[in-house]
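Okay, so here's the structure we're looking at.
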There are 2 protein chains.
Amino acid sequence: MVANTTVEEVLAELEQADTLESIQDAILKLREYFEVENMVYHWVDSAGEQYGYGTYPLEWATRYQEQNYIRIDPVIAGCYKRFHPVDWKKLDWSGKAVRAFQAEAVEYGIGTQGYSIPIRGPNGQFALFTVNHTCDDAEWEKFTEDNRRELILIAHYFNQKALEFEPNRAPEQSQSLSPREIDAMTLLAIGYSRAQVAETLSISEHTLRVYIESARFKLGASNTTHAVARALSRGLIVV
Amino acid sequence: MVANTTVEEVLAELEQADTLESIQDAILKLREYFEVENMVYHWVDSAGEQYGYGTYPLEWATRYQEQNYIRIDPVIAGCYKRFHPVDWKKLDWSGKAVRAFQAEAVEYGIGTQGYSIPIRGPNGQFALFTVNHTCDDAEWEKFTEDNRRELILIAHYFNQKALEFEPNRAPEQSQSLSPREIDAMTLLAIGYSRAQVAETLSISEHTLRVYIESARFKLGASNTTHAVARALSRGLIVV
DNA sequence: TCCGACCTCGCTATTTCTGGGGAGTTAATA
DNA sequence: TATTAACTCCCCAGAAATAGCGAGGTCGGA
(Lines give C-alpha, C1' and ligand atoms only; values in the text may rest on other atoms or scores of the structure.)
Protein backbone atom coordinates (compact mmCIF):
# COMPACT_ATOMS: atom_id res chain seq x y z
CA MET A 1 0.00 0.00 0.00
CA VAL A 2 1.44 3.33 -0.98
CA ALA A 3 2.30 5.47 1.98
CA ASN A 4 0.74 8.87 2.45
CA THR A 5 -2.08 8.27 0.04
CA THR A 6 -5.54 7.61 1.32
CA VAL A 7 -8.79 7.21 -0.47
CA GLU A 8 -9.94 10.44 1.09
CA GLU A 9 -7.08 12.30 -0.48
CA VAL A 10 -7.56 10.83 -3.90
CA LEU A 11 -11.27 11.56 -3.75
CA ALA A 12 -10.56 15.13 -2.79
CA GLU A 13 -8.20 15.38 -5.72
CA LEU A 14 -10.70 13.76 -8.01
CA GLU A 15 -13.31 16.25 -6.90
CA GLN A 16 -11.11 19.05 -8.18
CA ALA A 17 -10.15 17.28 -11.37
CA ASP A 18 -10.90 19.31 -14.44
CA THR A 19 -9.12 17.45 -17.18
CA LEU A 20 -9.29 13.93 -18.46
CA GLU A 21 -5.64 13.53 -17.57
CA SER A 22 -6.28 14.29 -13.94
CA ILE A 23 -9.03 11.71 -13.86
CA GLN A 24 -6.83 9.13 -15.46
CA ASP A 25 -4.23 10.07 -12.92
CA ALA A 26 -6.70 9.50 -10.11
CA ILE A 27 -7.51 6.09 -11.49
CA LEU A 28 -3.87 5.15 -11.53
CA LYS A 29 -3.42 6.30 -7.96
CA LEU A 30 -6.44 4.39 -6.84
CA ARG A 31 -5.21 1.31 -8.61
CA GLU A 32 -1.94 1.57 -6.76
CA TYR A 33 -3.68 2.18 -3.51
CA PHE A 34 -5.94 -0.82 -3.82
CA GLU A 35 -3.26 -2.91 -5.44
CA VAL A 36 -5.45 -4.24 -8.18
CA GLU A 37 -4.62 -4.87 -11.80
CA ASN A 38 -7.40 -2.90 -13.41
CA MET A 39 -9.84 -0.19 -12.54
CA VAL A 40 -12.33 0.98 -15.12
CA TYR A 41 -15.20 3.39 -15.38
CA HIS A 42 -17.55 2.64 -18.23
CA TRP A 43 -20.59 4.52 -19.39
CA VAL A 44 -23.45 3.53 -21.66
CA ASP A 45 -26.01 6.16 -22.46
CA SER A 46 -29.55 5.87 -23.67
CA ALA A 47 -28.51 6.23 -27.29
CA GLY A 48 -26.26 3.20 -27.00
CA GLU A 49 -23.12 5.30 -27.05
CA GLN A 50 -20.31 4.24 -24.82
CA TYR A 51 -17.29 5.79 -23.34
CA GLY A 52 -15.00 5.18 -20.45
CA TYR A 53 -11.54 5.33 -19.07
CA GLY A 54 -9.37 3.11 -17.00
CA THR A 55 -6.52 0.74 -17.14
CA TYR A 56 -7.65 -2.00 -19.48
CA PRO A 57 -5.11 -2.63 -22.23
CA LEU A 58 -5.93 -0.55 -25.26
CA GLU A 59 -5.99 -3.67 -27.43
CA TRP A 60 -8.71 -5.15 -25.31
CA ALA A 61 -10.79 -1.99 -25.32
CA THR A 62 -10.52 -1.81 -29.09
CA ARG A 63 -11.32 -5.46 -29.52
CA TYR A 64 -14.27 -5.14 -27.17
CA GLN A 65 -15.65 -2.23 -29.13
CA GLU A 66 -15.06 -3.81 -32.52
CA GLN A 67 -16.66 -7.09 -31.59
CA ASN A 68 -19.50 -5.31 -29.88
CA TYR A 69 -18.87 -7.47 -26.85
CA ILE A 70 -21.21 -5.33 -24.84
CA ARG A 71 -23.88 -7.56 -26.28
CA ILE A 72 -22.59 -10.72 -24.67
CA ASP A 73 -20.53 -9.46 -21.75
CA PRO A 74 -22.15 -11.05 -18.69
CA VAL A 75 -20.86 -8.22 -16.53
CA ILE A 76 -23.01 -5.77 -18.45
CA ALA A 77 -25.99 -8.09 -18.58
CA GLY A 78 -25.72 -9.02 -14.93
CA CYS A 79 -25.18 -5.56 -13.54
CA TYR A 80 -27.96 -4.22 -15.66
CA LYS A 81 -30.37 -6.43 -13.77
CA ARG A 82 -29.02 -5.65 -10.36
CA PHE A 83 -29.12 -2.89 -7.83
CA HIS A 84 -25.96 -3.50 -5.98
CA PRO A 85 -22.29 -4.17 -6.46
CA VAL A 86 -21.71 -7.61 -7.82
CA ASP A 87 -18.84 -10.04 -7.78
CA TRP A 88 -18.15 -11.46 -11.22
CA LYS A 89 -18.34 -14.95 -9.80
CA LYS A 90 -22.02 -14.44 -9.13
CA LEU A 91 -22.70 -13.78 -12.80
CA ASP A 92 -23.87 -16.25 -15.37
CA TRP A 93 -20.85 -17.43 -17.34
CA SER A 94 -22.57 -20.29 -19.09
CA GLY A 95 -22.98 -20.36 -22.81
CA LYS A 96 -20.41 -20.93 -25.48
CA ALA A 97 -20.04 -17.37 -26.65
CA VAL A 98 -19.67 -16.14 -23.11
CA ARG A 99 -16.95 -18.64 -22.29
CA ALA A 100 -15.10 -17.74 -25.45
CA PHE A 101 -15.39 -14.09 -24.51
CA GLN A 102 -14.05 -14.84 -21.06
CA ALA A 103 -11.12 -16.83 -22.40
CA GLU A 104 -10.27 -14.02 -24.77
CA ALA A 105 -10.45 -11.45 -22.01
CA VAL A 106 -7.95 -13.44 -19.98
CA GLU A 107 -5.67 -13.64 -23.01
CA TYR A 108 -5.76 -9.88 -23.26
CA GLY A 109 -4.66 -9.59 -19.68
CA ILE A 110 -7.92 -9.10 -17.85
CA GLY A 111 -7.88 -10.59 -14.38
CA THR A 112 -10.22 -13.40 -13.47
CA GLN A 113 -11.63 -11.72 -10.40
CA GLY A 114 -13.85 -8.73 -10.78
CA TYR A 115 -16.20 -6.52 -8.83
CA SER A 116 -18.53 -4.12 -10.59
CA ILE A 117 -20.74 -1.38 -9.27
CA PRO A 118 -23.72 -0.33 -11.36
CA ILE A 119 -25.01 3.23 -11.27
CA ARG A 120 -28.07 4.53 -13.02
CA GLY A 121 -29.13 7.94 -14.08
CA PRO A 122 -32.36 9.69 -14.84
CA ASN A 123 -32.65 8.96 -18.53
CA GLY A 124 -31.71 5.35 -18.70
CA GLN A 125 -28.10 6.23 -18.29
CA PHE A 126 -26.08 3.38 -17.01
CA ALA A 127 -22.55 3.32 -15.75
CA LEU A 128 -20.27 0.67 -14.37
CA PHE A 129 -17.28 1.01 -12.16
CA THR A 130 -15.14 -2.09 -12.11
CA VAL A 131 -12.11 -3.32 -10.26
CA ASN A 132 -10.39 -6.32 -11.66
CA HIS A 133 -7.62 -8.55 -10.42
CA THR A 134 -6.04 -11.96 -10.49
CA CYS A 135 -5.99 -13.81 -7.21
CA ASP A 136 -7.73 -16.65 -5.46
CA ASP A 137 -11.33 -16.52 -4.37
CA ALA A 138 -10.69 -16.12 -0.65
CA GLU A 139 -8.34 -13.21 -1.12
CA TRP A 140 -10.76 -11.53 -3.49
CA GLU A 141 -13.66 -11.95 -1.15
CA LYS A 142 -11.71 -10.35 1.63
CA PHE A 143 -10.73 -7.51 -0.67
CA THR A 144 -14.27 -6.76 -1.77
CA GLU A 145 -15.64 -6.99 1.74
CA ASP A 146 -12.98 -4.69 3.09
CA ASN A 147 -13.33 -2.10 0.37
CA ARG A 148 -16.93 -2.14 -0.70
CA ARG A 149 -17.76 1.19 0.88
CA GLU A 150 -14.84 2.99 -0.62
CA LEU A 151 -15.52 1.49 -4.02
CA ILE A 152 -19.14 2.60 -3.96
CA LEU A 153 -18.06 6.12 -3.17
CA ILE A 154 -15.41 6.12 -5.85
CA ALA A 155 -17.97 4.94 -8.35
CA HIS A 156 -20.13 7.91 -7.46
CA TYR A 157 -17.30 10.33 -7.82
CA PHE A 158 -16.26 9.04 -11.19
CA ASN A 159 -19.82 9.21 -12.29
CA GLN A 160 -20.09 12.80 -11.21
CA LYS A 161 -16.98 13.64 -13.17
CA ALA A 162 -18.23 11.76 -16.19
CA LEU A 163 -21.29 13.97 -16.20
CA GLU A 164 -19.24 17.12 -15.88
CA PHE A 165 -17.22 16.20 -18.92
CA GLU A 166 -20.14 15.06 -20.97
CA PRO A 167 -22.76 17.64 -20.20
CA ASN A 168 -24.69 16.82 -23.31
CA ARG A 169 -25.59 13.45 -21.87
CA ALA A 170 -26.89 14.70 -18.60
CA PRO A 171 -29.38 17.45 -19.19
CA GLU A 172 -30.89 15.70 -22.17
CA GLN A 173 -33.91 17.57 -20.91
CA SER A 174 -36.21 14.88 -22.07
CA GLN A 175 -39.28 17.02 -21.69
CA SER A 176 -41.62 15.03 -19.60
CA LEU A 177 -44.66 13.47 -21.17
CA SER A 178 -48.15 14.69 -20.47
CA PRO A 179 -50.42 12.45 -18.36
CA ARG A 180 -52.29 11.21 -21.39
CA GLU A 181 -49.08 10.55 -23.25
CA ILE A 182 -47.83 8.57 -20.29
CA ASP A 183 -51.06 6.59 -20.23
CA ALA A 184 -50.75 5.85 -23.91
CA MET A 185 -47.09 4.84 -23.73
CA THR A 186 -47.69 2.70 -20.68
CA LEU A 187 -50.58 0.79 -22.18
CA LEU A 188 -48.66 0.28 -25.40
CA ALA A 189 -45.72 -1.01 -23.39
CA ILE A 190 -47.86 -3.65 -21.75
CA GLY A 191 -49.00 -4.93 -25.10
CA TYR A 192 -52.24 -3.17 -25.90
CA SER A 193 -52.98 -2.37 -29.51
CA ARG A 194 -54.03 1.12 -30.50
CA ALA A 195 -57.64 0.10 -30.50
CA GLN A 196 -57.39 -1.38 -27.02
CA VAL A 197 -55.57 1.64 -25.67
CA ALA A 198 -58.16 3.99 -27.11
CA GLU A 199 -60.93 1.95 -25.58
CA THR A 200 -59.18 1.74 -22.23
CA LEU A 201 -58.65 5.47 -22.12
CA SER A 202 -62.15 6.11 -23.45
CA ILE A 203 -60.95 8.27 -26.29
CA SER A 204 -61.11 7.93 -30.03
CA GLU A 205 -58.33 6.22 -31.84
CA HIS A 206 -57.56 9.47 -33.61
CA THR A 207 -56.99 11.24 -30.36
CA LEU A 208 -54.82 8.45 -29.16
CA ARG A 209 -52.78 8.82 -32.29
CA VAL A 210 -52.18 12.46 -31.50
CA TYR A 211 -50.75 11.44 -28.12
CA ILE A 212 -48.56 8.77 -29.55
CA GLU A 213 -47.23 11.15 -32.16
CA SER A 214 -46.57 13.96 -29.75
CA ALA A 215 -44.85 11.53 -27.40
CA ARG A 216 -42.82 10.26 -30.31
CA PHE A 217 -41.87 13.78 -31.18
CA LYS A 218 -40.90 14.66 -27.63
CA LEU A 219 -38.82 11.54 -27.34
CA GLY A 220 -37.21 11.96 -30.72
CA ALA A 221 -38.37 8.51 -31.66
CA SER A 222 -38.91 7.21 -35.15
CA ASN A 223 -41.82 4.92 -34.40
CA THR A 224 -44.04 3.68 -31.62
CA THR A 225 -41.71 0.88 -30.58
CA HIS A 226 -38.83 3.30 -30.39
CA ALA A 227 -40.88 5.77 -28.39
CA VAL A 228 -41.93 3.15 -25.87
CA ALA A 229 -38.37 1.90 -25.59
CA ARG A 230 -37.12 5.40 -24.90
CA ALA A 231 -39.86 6.21 -22.46
CA LEU A 232 -38.98 3.02 -20.63
CA SER A 233 -35.27 3.48 -20.52
CA ARG A 234 -35.64 7.10 -19.49
CA GLY A 235 -37.86 6.06 -16.66
CA LEU A 236 -40.77 8.12 -17.95
CA ILE A 237 -43.01 5.09 -17.80
CA VAL A 238 -42.79 1.87 -15.87
CA VAL A 239 -44.26 -1.53 -16.54
CA MET B 1 -22.49 14.36 18.69
CA VAL B 2 -23.15 11.17 20.59
CA ALA B 3 -20.02 9.63 21.98
CA ASN B 4 -19.00 6.12 21.03
CA THR B 5 -21.17 5.96 17.97
CA THR B 6 -19.67 6.28 14.54
CA VAL B 7 -21.20 5.96 11.15
CA GLU B 8 -19.12 2.84 10.65
CA GLU B 9 -20.70 1.20 13.64
CA VAL B 10 -24.21 2.08 12.68
CA LEU B 11 -23.61 0.85 9.14
CA ALA B 12 -22.25 -2.42 10.47
CA GLU B 13 -25.34 -2.74 12.63
CA LEU B 14 -27.58 -1.86 9.74
CA GLU B 15 -25.90 -4.51 7.64
CA GLN B 16 -26.99 -7.14 10.16
CA ALA B 17 -30.47 -5.74 10.60
CA ASP B 18 -33.18 -8.28 9.91
CA THR B 19 -36.29 -6.59 11.18
CA LEU B 20 -37.98 -3.33 10.37
CA GLU B 21 -37.51 -2.31 13.98
CA SER B 22 -33.77 -2.61 13.76
CA ILE B 23 -33.78 -0.47 10.64
CA GLN B 24 -35.90 2.15 12.31
CA ASP B 25 -33.51 1.97 15.23
CA ALA B 26 -30.58 2.58 12.91
CA ILE B 27 -32.33 5.62 11.46
CA LEU B 28 -32.84 7.07 14.92
CA LYS B 29 -29.20 6.52 15.80
CA LEU B 30 -28.05 8.13 12.59
CA ARG B 31 -30.32 11.08 13.20
CA GLU B 32 -28.76 11.54 16.60
CA TYR B 33 -25.31 11.19 15.20
CA PHE B 34 -25.83 13.74 12.47
CA GLU B 35 -27.94 15.95 14.70
CA VAL B 36 -30.63 16.54 12.13
CA GLU B 37 -34.36 16.74 12.59
CA ASN B 38 -35.44 14.18 10.05
CA MET B 39 -34.01 11.29 8.13
CA VAL B 40 -36.16 9.39 5.70
CA TYR B 41 -35.82 6.55 3.24
CA HIS B 42 -38.51 6.48 0.62
CA TRP B 43 -39.14 3.98 -2.12
CA VAL B 44 -41.25 4.15 -5.25
CA ASP B 45 -41.47 0.96 -7.21
CA SER B 46 -42.30 0.25 -10.80
CA ALA B 47 -45.98 -0.23 -10.05
CA GLY B 48 -46.19 3.19 -8.44
CA GLU B 49 -46.34 1.69 -4.98
CA GLN B 50 -44.55 3.52 -2.25
CA TYR B 51 -43.13 2.65 1.04
CA GLY B 52 -40.60 4.05 3.40
CA TYR B 53 -39.52 4.64 6.91
CA GLY B 54 -38.00 7.46 8.82
CA THR B 55 -38.72 10.20 11.24
CA TYR B 56 -41.29 12.39 9.54
CA PRO B 57 -44.31 13.02 11.76
CA LEU B 58 -46.97 10.41 11.08
CA GLU B 59 -49.53 13.15 10.38
CA TRP B 60 -47.38 14.50 7.58
CA ALA B 61 -46.76 11.07 6.07
CA THR B 62 -50.49 10.39 6.10
CA ARG B 63 -51.33 13.76 4.68
CA TYR B 64 -48.70 13.34 1.99
CA GLN B 65 -50.11 10.00 0.99
CA GLU B 66 -53.72 11.14 1.07
CA GLN B 67 -53.09 14.22 -1.00
CA ASN B 68 -50.91 12.28 -3.39
CA TYR B 69 -48.28 14.95 -2.91
CA ILE B 70 -45.77 12.78 -4.70
CA ARG B 71 -47.22 14.34 -7.82
CA ILE B 72 -46.19 17.86 -6.94
CA ASP B 73 -43.34 17.40 -4.50
CA PRO B 74 -40.39 19.14 -6.14
CA VAL B 75 -38.00 16.90 -4.25
CA ILE B 76 -39.37 13.89 -6.07
CA ALA B 77 -39.55 15.66 -9.41
CA GLY B 78 -36.09 17.18 -9.05
CA CYS B 79 -34.32 14.08 -7.85
CA TYR B 80 -35.97 12.01 -10.50
CA LYS B 81 -34.19 14.07 -13.12
CA ARG B 82 -30.83 14.06 -11.43
CA PHE B 83 -27.94 11.74 -10.93
CA HIS B 84 -26.51 13.11 -7.77
CA PRO B 85 -27.41 14.23 -4.30
CA VAL B 86 -29.26 17.48 -4.39
CA ASP B 87 -29.82 20.29 -1.95
CA TRP B 88 -33.44 21.29 -1.73
CA LYS B 89 -32.50 24.88 -2.38
CA LYS B 90 -31.44 23.92 -5.88
CA LEU B 91 -34.89 22.62 -6.71
CA ASP B 92 -37.63 24.45 -8.50
CA TRP B 93 -40.05 25.78 -5.88
CA SER B 94 -42.01 28.01 -8.23
CA GLY B 95 -45.65 27.40 -8.95
CA LYS B 96 -48.65 27.99 -6.77
CA ALA B 97 -49.31 24.39 -5.81
CA VAL B 98 -45.67 23.82 -4.94
CA ARG B 99 -45.47 26.82 -2.64
CA ALA B 100 -48.65 25.77 -0.88
CA PHE B 101 -47.18 22.30 -0.45
CA GLN B 102 -44.00 23.76 0.97
CA ALA B 103 -45.86 25.97 3.42
CA GLU B 104 -47.90 23.02 4.58
CA ALA B 105 -44.81 20.88 5.03
CA VAL B 106 -43.31 23.49 7.31
CA GLU B 107 -46.55 23.59 9.30
CA TYR B 108 -46.29 19.88 9.84
CA GLY B 109 -42.81 20.28 11.23
CA ILE B 110 -40.63 19.57 8.24
CA GLY B 111 -37.39 21.52 8.29
CA THR B 112 -36.67 24.04 5.59
CA GLN B 113 -33.26 22.65 4.70
CA GLY B 114 -33.05 19.32 2.96
CA TYR B 115 -30.63 17.09 1.13
CA SER B 116 -31.81 14.13 -0.89
CA ILE B 117 -29.94 11.31 -2.55
CA PRO B 118 -31.59 9.51 -5.46
CA ILE B 119 -30.91 5.86 -6.17
CA ARG B 120 -32.18 3.89 -9.09
CA GLY B 121 -32.70 0.24 -9.75
CA PRO B 122 -32.90 -2.00 -12.77
CA ASN B 123 -36.59 -1.77 -13.58
CA GLY B 124 -37.36 1.85 -13.06
CA GLN B 125 -37.15 1.45 -9.33
CA PHE B 126 -36.45 4.68 -7.62
CA ALA B 127 -35.55 5.45 -4.04
CA LEU B 128 -34.77 8.59 -2.11
CA PHE B 129 -32.79 9.05 1.04
CA THR B 130 -33.35 12.41 2.65
CA VAL B 131 -31.97 14.35 5.57
CA ASN B 132 -33.91 17.35 6.68
CA HIS B 133 -33.23 20.11 9.15
CA THR B 134 -33.92 23.69 10.18
CA CYS B 135 -30.93 25.99 10.16
CA ASP B 136 -29.44 28.76 8.12
CA ASP B 137 -28.00 28.26 4.67
CA ALA B 138 -24.35 28.51 5.62
CA GLU B 139 -24.63 25.95 8.35
CA TRP B 140 -26.51 23.60 6.08
CA GLU B 141 -23.99 23.93 3.32
CA LYS B 142 -21.21 23.05 5.69
CA PHE B 143 -23.18 20.07 6.93
CA THR B 144 -23.83 18.67 3.49
CA GLU B 145 -20.28 19.20 2.35
CA ASP B 146 -18.89 17.53 5.42
CA ASN B 147 -21.18 14.54 5.30
CA ARG B 148 -21.92 13.91 1.68
CA ARG B 149 -19.86 10.77 1.47
CA GLU B 150 -21.35 9.18 4.53
CA LEU B 151 -24.84 10.04 3.39
CA ILE B 152 -24.32 8.46 0.00
CA LEU B 153 -23.15 5.28 1.65
CA ILE B 154 -26.02 5.26 4.09
CA ALA B 155 -28.43 5.67 1.21
CA HIS B 156 -26.93 2.59 -0.41
CA TYR B 157 -27.22 0.57 2.73
CA PHE B 158 -30.82 1.47 3.30
CA ASN B 159 -31.55 0.61 -0.26
CA GLN B 160 -29.93 -2.77 0.09
CA LYS B 161 -32.05 -3.45 3.14
CA ALA B 162 -35.17 -2.30 1.36
CA LEU B 163 -34.52 -4.90 -1.32
CA GLU B 164 -33.97 -7.62 1.22
CA PHE B 165 -37.33 -6.94 2.73
CA GLU B 166 -39.08 -6.79 -0.61
CA PRO B 167 -37.70 -9.79 -2.40
CA ASN B 168 -40.47 -9.75 -4.97
CA ARG B 169 -38.85 -6.72 -6.49
CA ALA B 170 -35.68 -8.60 -7.24
CA PRO B 171 -34.95 -9.52 -10.84
CA GLU B 172 -36.94 -12.39 -12.19
CA GLN B 173 -35.50 -15.17 -14.24
CA SER B 174 -36.87 -15.15 -17.72
CA GLN B 175 -36.24 -17.14 -20.80
CA SER B 176 -33.23 -15.84 -22.62
CA LEU B 177 -33.24 -14.80 -26.24
CA SER B 178 -30.99 -16.16 -28.93
CA PRO B 179 -28.20 -13.91 -30.26
CA ARG B 180 -30.12 -13.06 -33.40
CA GLU B 181 -33.25 -12.37 -31.42
CA ILE B 182 -31.28 -10.05 -29.19
CA ASP B 183 -29.88 -8.28 -32.23
CA ALA B 184 -33.33 -7.87 -33.66
CA MET B 185 -34.90 -6.61 -30.42
CA THR B 186 -32.02 -4.24 -29.81
CA LEU B 187 -32.15 -2.67 -33.23
CA LEU B 188 -35.91 -2.33 -33.03
CA ALA B 189 -35.54 -0.68 -29.64
CA ILE B 190 -33.25 1.96 -31.06
CA GLY B 191 -35.78 2.85 -33.68
CA TYR B 192 -34.92 0.83 -36.75
CA SER B 193 -37.74 -0.33 -38.96
CA ARG B 194 -37.95 -3.96 -39.99
CA ALA B 195 -36.37 -3.16 -43.32
CA GLN B 196 -33.47 -1.37 -41.68
CA VAL B 197 -32.94 -4.14 -39.17
CA ALA B 198 -32.93 -6.76 -41.89
CA GLU B 199 -30.41 -4.77 -43.86
CA THR B 200 -28.23 -4.15 -40.83
CA LEU B 201 -28.18 -7.83 -39.96
CA SER B 202 -27.78 -8.81 -43.61
CA ILE B 203 -30.73 -11.13 -43.60
CA SER B 204 -34.01 -11.16 -45.44
CA GLU B 205 -36.91 -9.35 -43.95
CA HIS B 206 -38.69 -12.63 -43.70
CA THR B 207 -35.99 -14.20 -41.58
CA LEU B 208 -36.05 -11.18 -39.40
CA ARG B 209 -39.74 -11.69 -38.96
CA VAL B 210 -39.13 -15.19 -37.71
CA TYR B 211 -36.81 -13.81 -35.02
CA ILE B 212 -39.22 -11.16 -33.97
CA GLU B 213 -42.01 -13.66 -33.72
CA SER B 214 -40.00 -16.19 -31.78
CA ALA B 215 -38.82 -13.48 -29.44
CA ARG B 216 -42.38 -12.35 -29.05
CA PHE B 217 -43.40 -15.87 -28.26
CA LYS B 218 -40.63 -16.36 -25.72
CA LEU B 219 -41.48 -13.12 -24.03
CA GLY B 220 -45.18 -13.73 -24.05
CA ALA B 221 -45.69 -10.49 -25.88
CA SER B 222 -48.61 -9.56 -28.08
CA ASN B 223 -46.73 -7.38 -30.53
CA THR B 224 -43.32 -6.02 -31.36
CA THR B 225 -43.64 -3.00 -29.11
CA HIS B 226 -44.64 -5.21 -26.23
CA ALA B 227 -41.78 -7.61 -26.90
CA VAL B 228 -39.22 -4.82 -26.97
CA ALA B 229 -40.66 -3.33 -23.80
CA ARG B 230 -40.41 -6.66 -22.03
CA ALA B 231 -36.92 -7.38 -23.29
CA LEU B 232 -35.89 -3.97 -22.02
CA SER B 233 -37.43 -4.15 -18.61
CA ARG B 234 -36.12 -7.68 -18.11
CA GLY B 235 -32.66 -6.49 -18.96
CA LEU B 236 -32.37 -8.88 -21.89
CA ILE B 237 -31.35 -6.04 -24.13
CA VAL B 238 -29.59 -2.82 -23.39
CA VAL B 239 -30.24 0.37 -25.24
C1' DT C 1 -27.59 -41.10 -33.78
C1' DC C 2 -31.40 -38.36 -33.16
C1' DC C 3 -33.53 -34.40 -31.21
C1' DG C 4 -33.95 -29.70 -30.35
C1' DA C 5 -32.53 -25.09 -30.95
C1' DC C 6 -30.85 -21.93 -33.99
C1' DC C 7 -30.33 -19.64 -38.59
C1' DT C 8 -31.89 -18.90 -43.23
C1' DC C 9 -35.31 -18.18 -47.18
C1' DG C 10 -40.23 -17.85 -49.86
C1' DC C 11 -45.39 -16.61 -50.77
C1' DT C 12 -50.20 -14.18 -49.99
C1' DA C 13 -53.64 -11.73 -47.58
C1' DT C 14 -55.25 -8.91 -43.90
C1' DT C 15 -54.78 -5.77 -40.23
C1' DT C 16 -52.55 -2.06 -38.13
C1' DC C 17 -49.71 1.91 -38.03
C1' DT C 18 -47.83 6.26 -39.93
C1' DG C 19 -47.89 10.83 -41.91
C1' DG C 20 -50.18 14.70 -44.08
C1' DG C 21 -53.76 17.81 -43.37
C1' DG C 22 -57.38 20.83 -39.78
C1' DA C 23 -60.15 22.61 -35.43
C1' DG C 24 -62.31 23.49 -31.10
C1' DT C 25 -62.31 23.50 -25.62
C1' DT C 26 -60.40 23.90 -21.18
C1' DA C 27 -56.94 25.04 -17.54
C1' DA C 28 -53.01 27.04 -15.88
C1' DT C 29 -49.45 30.31 -15.99
C1' DA C 30 -46.95 34.43 -16.88
C1' DT D 1 -55.27 39.25 -20.25
C1' DA D 2 -52.76 36.76 -23.39
C1' DT D 3 -50.32 32.82 -24.21
C1' DT D 4 -49.16 28.22 -23.77
C1' DA D 5 -49.99 23.46 -23.14
C1' DA D 6 -52.97 19.75 -22.81
C1' DC D 7 -57.06 17.28 -24.41
C1' DT D 8 -60.44 16.03 -27.69
C1' DC D 9 -62.26 14.97 -32.49
C1' DC D 10 -62.22 14.19 -37.89
C1' DC D 11 -60.52 12.45 -43.06
C1' DC D 12 -57.46 9.91 -46.28
C1' DA D 13 -53.80 7.25 -48.56
C1' DG D 14 -49.69 4.78 -48.33
C1' DA D 15 -46.35 2.17 -45.53
C1' DA D 16 -45.47 -1.31 -42.33
C1' DA D 17 -46.53 -5.10 -39.41
C1' DT D 18 -49.04 -9.49 -38.54
C1' DA D 19 -50.85 -14.18 -39.58
C1' DG D 20 -51.07 -18.24 -42.07
C1' DC D 21 -48.93 -21.76 -44.89
C1' DG D 22 -44.27 -23.63 -46.17
C1' DA D 23 -38.73 -25.53 -46.66
C1' DG D 24 -33.97 -26.73 -45.62
C1' DG D 25 -29.31 -26.33 -43.37
C1' DT D 26 -25.97 -26.50 -39.06
C1' DC D 27 -24.51 -27.62 -34.56
C1' DG D 28 -24.28 -29.32 -29.81
C1' DG D 29 -25.99 -32.30 -26.40
C1' DA D 30 -28.56 -36.71 -24.76
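Numbers restart at 1 for each chain; the letters A, B, ... are given by sequence-line order, proteins then strands. Quantities reported herein were computed from a predicted structural model and do not represent experimental measurements.
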Would you kindly give the CG-to-P distance between B/L188 and C/dC17, to the nearest whole Å? 15 Å
Interatomic distance where CG belongs to A/L208 and P belongs to C/dT16 [whole Å]: 14 Å
Any side-chain N or O of A/R194 below 4.0 angstrom from OP1/OP2 of C/dT18? yes
Are A/T112 and A/T134 linked by a side-chain donor-acceptor pair shorter than 3.5 Å? no
Short side-chain N/O contact from B/Y211 to OP1 or OP2 of C/dC6, under 4.0 Å: no
Specify the separation, in whole Å, of atom CG of A/N223 and atom P of D/dA17. 7 Å
Does the side chain of A/S193 get closer than 4.0 angstrom to OP1 or OP2 of C/dC17 through an N or O atom? no
Any side-chain N or O of A/S178 below 4.0 angstrom from OP1/OP2 of D/dC7? yes
Provide, to the nearest angstrom, the distance between the CD1 atom belonging to B/I182 and the C1' atom belonging to C/dC7. 15 Å
Between P on C/dT16 and NE2 on B/H226, what's the gap in Å once rounded to a whole number? 17 Å
In whole Å, what is the span from the CD atom of A/E213 to the C1' atom of C/dC17? 9 Å
On the nucleotide D/dC9, are OP1 or OP2 found under 4.0 Å from the side-chain N or O atoms that A/S204 carries? yes
Go through D/dA19, D/dC12, C/dC11 for me and flag the one nearest to the B/H206 side chain. C/dC11
Establish, from distance only, whether the side-chain atoms of B/Q113 and B/D87 form a donor-acceptor pair under 3.5 Å. no
Can you find an N or O donor on one side and an acceptor on the other, under 3.5 Å apart, linking the side chain of B/R209 with the base of D/dG22? no
Once you apply a heavy-atom cut-off of 4.0 Å, does A/S214 come out as touching a base, just sugar-phosphate, or nothing? nothing
Using only side-chain N and O atoms of A/R180, determine if any of them is under 4.0 Å from OP1 or OP2 of D/dA5. no
Among D/dA17, D/dT8, D/dA19, the one nearest any side-chain atom of A/I203 is D/dT8
Do A/R63 and A/E107 sit within salt-bridge range, that is, some charged N less than 4.0 Å from a carboxylate O? no
Under 6.0 Å from the NZ atom of A/K89, do we count more than 12 heavy atoms belonging to anything else shown? yes
Rounded distance (Å) that lies between atom P of D/dC9 and atom CD of A/E205: 12 Å
Quick one: do the B/Y115 and B/N147 side chains pair a donor with an acceptor below 3.5 Å? no
Whole-Å distance separating the OH atom of B/Y192 from the C1' atom of D/dA15: 20 Å
Using a 3.5 Å distance criterion without hydrogens, assess whether the side chain of B/S116 forms a donor-acceptor pair with backbone atoms of B/L128. no
Under 4.0 angstrom, heavy atoms only, what part of the nucleic acid is A/T207 near: base, sugar-phosphate, or nothing? base
Below the 4.0 Å mark, does C/dA5 have OP1 or OP2 next to a side-chain nitrogen or oxygen of B/K218? no
Would you mind telling me which residue lines up with the more 5' stretch of DNA chain C, A/V210 or A/A195, judged by nearest nucleotide? A/A195
